[in-house]
Amino acid sequence: MSADAGLLPGNATAWERANSTVSERMLTVPVLAILKERDPAQCDAQFIAPLAWERSVHFWNPNDVAGNRARVASSFSDHLQYGSPSALEAEIALDTGLSIRVREFWELPGLAWPDFVIDVNINPGDAVPNVAAVYASVLQRKPPRDVLVNLRVVADQPPAPLVVGIGVGVTARIVVLPSGGAPASPAFVAGAAIRVMPYVKVLPFKG
């Protein structure tokens, strides 16, 4: 019987005696081995998932071992940023593979706190992405205090210079909106409504 077990009272349960034996064995484990397995950059692959669970990592990709290690390593700093627009953009982007921008209430006319808008940025000519997946991610990731009032798919066209008088540059921005405004649930079908919003910039004349 170990020294630790000898300190147990006579009426100690079988579990208490077994646990005492295990505790004694833990004392023989090298400290450096424990430190290695607690380091997401060095630990064996089977320890990455437990570390991610312990540190409450919000995104896990079973096919991306390097990415999982990086997210576990950055989890403490990530938790300091959760709830901020940049963190929300990053998490929705990880969920959907899309480029996301959060527009706060002070950035758009007609909004008031706690309203915000999500822009999904795509390249001109790309198909409309899975907007339902974006909406589901927003519901899961957003701070409870905020309210999503609109979700837009935005394709930014390259500038098309147009010379008029002293010079005017025109850039067209296409916004694809779901029909009926913001959906009531993640399961919805995006409509085919398209608005073209020209942005005109007047440049000073250069001789």
Heavy-atom pair of closest approach, residues [X] and [Y]:
| X | Y | result |
| --- | --- | --- |
| I122 | A127 | CD1-O, 4.2 Å |
| I100 | N121 | C-ND2, 4.4 Å |
| P85 | E104 | CG-OE2, 3.0 Å |
| D119 | R152 | OD1-NE, 2.7 Å |

Supply the atom-to-atom distance [X] [atom1] to [Y] [atom2], rounded to the nearest 0.5 angstrom.
| X | Y | atom1 | atom2 | answer |
| --- | --- | --- | --- | --- |
| I48 | W60 | CD1 | CH2 | 5.5 Å |
| S74 | H79 | OG | NE2 | 9.0 Å |
| I118 | L88 | CD1 | CG | 5.0 Å |
| L151 | Y135 | CG | OH | 8.5 Å |
| W106 | D115 | CH2 | CG | 12.0 Å |
| T13 | L8 | OG1 | CG | 8.5 Å |

Quick check: is [Y] connected to [X] through a chain of hydrophobic side chains (ILVMFWY, heavy atoms under 4.5 Å apart)?
| X | Y | result |
| --- | --- | --- |
| L139 | V131 | yes |
| F59 | V138 | no |
| L148 | Y82 | no |
| W113 | L108 | yes |
| F47 | W53 | no |

Would you be so kind as to tabulate the donor-acceptor pairs closer than 3.5 Å made by side chains of residues 90-98, with sequence neighbours excluded?
unit_1 : atom_1 : unit_2 : atom_2 : d
E91    : OE2    : H58    : ND1    : 3.2
D95    : OD1    : R141   : NH2    : 2.8
D95    : OD2    : S137   : OG     : 2.7
D95    : OD2    : R141   : NE     : 2.8
D95    : OD2    : R141   : NH2    : 3.3
T96    : OG1    : I92    : O      : 2.8
T96    : OG1    : L98    : N      : 3.3

Main chain of [Y], side chain of [X]: is a donor-acceptor contact present, judged purely on distance under 3.5 Å?
| X | Y | answer |
| --- | --- | --- |
| N19 | W15 | no |
| R69 | C43 | yes |
| D64 | G67 | yes |
| D44 | Q46 | no |
| E89 | V102 | yes |
| T21 | R17 | yes |
| N61 | N63 | yes |
| D39 | K36 | no |

Step-by-step salt bridge (charged side-chain N to carboxylate O under 4.0 Å, His left out) determination, D78 to R55: CA-CA 10 Å; D78 290 343; R55 302 184 186 187; over 6 Å; no
Does S99 have any side chain to side chain donor-acceptor pair (under 3.5 Å) partners at least two apart in sequence or in another chain, and if so, which?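 S99 satisfies side chain to side chain donor-acceptor pair (under 3.5 Å) with no other residue.
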